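Note: hydrogens, waters and symmetry copies are ignored here, and every other heavy atom, side chains too, is used. Throughout, residue positions are numbered sequentially from 1 according to the sequence presented. Just so you know, ligand 1 is whichever comes first in the structure, and atom 1 is the first atom listed for that ligand. Values in this document were obtained by computation on a predicted structure and should not be read as measured data.
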Amino acid sequence: MGFWKSLFSSPGVTAAPNQAQSSRFVAEAESSLSVPRIFFSTERDIDLYELEELCDAVGWSRRPIRKVRKAIQHSFIVVSMWEQRDTRRRLIGFSRATSDHAFNATIWDVVVHPDYQGKGLGKALMKQLIKKLRNEDISNVTLFADPHVVNFYKGLGFMPDPEGIKGMFWYPD
Ligand SMILES: CC(C)(COP(=O)(O)OP(=O)(O)OC[C@H]1O[C@@H](n2cnc3c(N)ncnc32)[C@H](O)[C@@H]1OP(=O)(O)O)[C@@H](O)C(=O)NCCC(=O)NCCS
């Protein structure tokens, strides 16, 4: 079973991976409007209060909205994940990457709403983001994993401390 099929084997979803190039792309297609579907988007005009609610739902500290707006505007790639029921859309996942546009990208703010966790959607979101980065010929992708999600990223092929390299941080006093 291919990646997309195995991810979306729950009722009401079927795979349509060849649509993944457009800015708002449907990962799942359904003929009936009443059946919820999941789609991904690279558009940046996200309601920042909706994004704040999503981040609140996983217990992240609040950040000034104007700074979040700036961070999104200046990100290299943004991939959001939505559930659509009839005409209603709900933001259920988010991720973004900054980059030097040539060699390196760093992934930030990976989040899936708790109601949708454990269904393979975090993995799908990350795969979409990495695919977009690879399409831009970025070959060095890094991230900073919270300790409780190290295995989530390992499952996606990320390695902690390759060749002994340590992430180092500087903070103002
Ligand atoms: C981390 C997060 C994005 C994972 O999303 P998700 O939709 O629950 O993950 P998936 O269902 O796609 O899981 C994919 C795989 O990772 C594993 N996994 C998921 N969360 C995990 C965790 N916290 N620790 C270890 N493994 C995890 C799953 O078991 C699954 O394994 P499998 O492929 O062998 O079945 C989500 O839990 C989240 O938003 N957490 C809060 C925010 C956060 O901590 N973000 C990361 C900041 S660095």
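With hydrogens and angles disregarded, no donor-acceptor distance shorter than 3.5 Å links the side chain of Arg63 to the backbone of Lys67. Asp47 places a side-chain N or O within 3.5 Å of a backbone atom of Tyr49 that can act as its donor or acceptor partner. Listed for the Arg96 side chain is no donor-acceptor partner under 3.5 Å among the backbone atoms of Ser80. Between the side chain of Ser41 and the backbone N or O of Glu43 there is at least one donor-acceptor pair closer than 3.5 Å.
Where the criterion is an N or O separation shorter than 3.5 Å, residue side chain and backbone included, Ala145 fails it with respect to ligand 1. Taking only nitrogen or oxygen atoms, main chain and side chain alike, Val58 does not reach within less than 3.5 Å of ligand 1. The shortest N or O to N or O distance between Asn151 and ligand 1 is not under 3.5 Å. Inclusion of Trp60 in the set of residues having an N or O under 3.5 Å from an N or O of ligand 1 is not warranted. By the 3.5 Å distance cut-off applied to N or O atoms, Lys123 is counted among the residues near ligand 1. For ligand 1, one of its N or O atoms has an N or O atom of Val110 under 3.5 Å away. Residue Phe144 has no N or O atom closer than 3.5 Å to an N or O atom of ligand 1.
Set against the non-hydrogen atoms of Val149, the atoms of ligand 1 under 4.0 Å away are 1 (C), 23 (N), 44 (O), 46 (C), 48 (S). Atoms of ligand 1 found under 4.0 Å from any heavy atom of Gly118, numbered from 1 in the order shown, are 6 (P), 7 (O), 8 (O), 11 (O).
Contacts between His113 and ligand 1, counted as non-hydrogen atom pairs separated by less than 4.0 Å, are absent for every part of the residue. The proximity of Tyr153 to ligand 1, defined as any non-hydrogen pair under 4.0 Å, is limited to the side chain.
Note on residues 155-171: pairs passing side chain to side chain donor-acceptor pair (under 3.5 Å), not counting sequence neighbours, are Asp161-Lys166.
To the nearest 0.5 angstrom, Asn140 atom CG is 10.5 Å from Phe103 atom CZ.
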Please report the C-alpha distance between Phe39 and Met81 in whole Å, then the side-chain angles of each, then the deciding distance to 0.1 Å, and finally whether the side chain to side chain contact (heavy atoms under 4.5 Å, CB included) criterion is met. CA-CA 6 Å; Phe39 70 90; Met81 183 165 66; over 6 Å; no
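Comparing Pro114, Gly120, Cys55, Ser95 against atom 11 (O) of ligand 1, the shortest heavy-atom distance belongs to Gly120.
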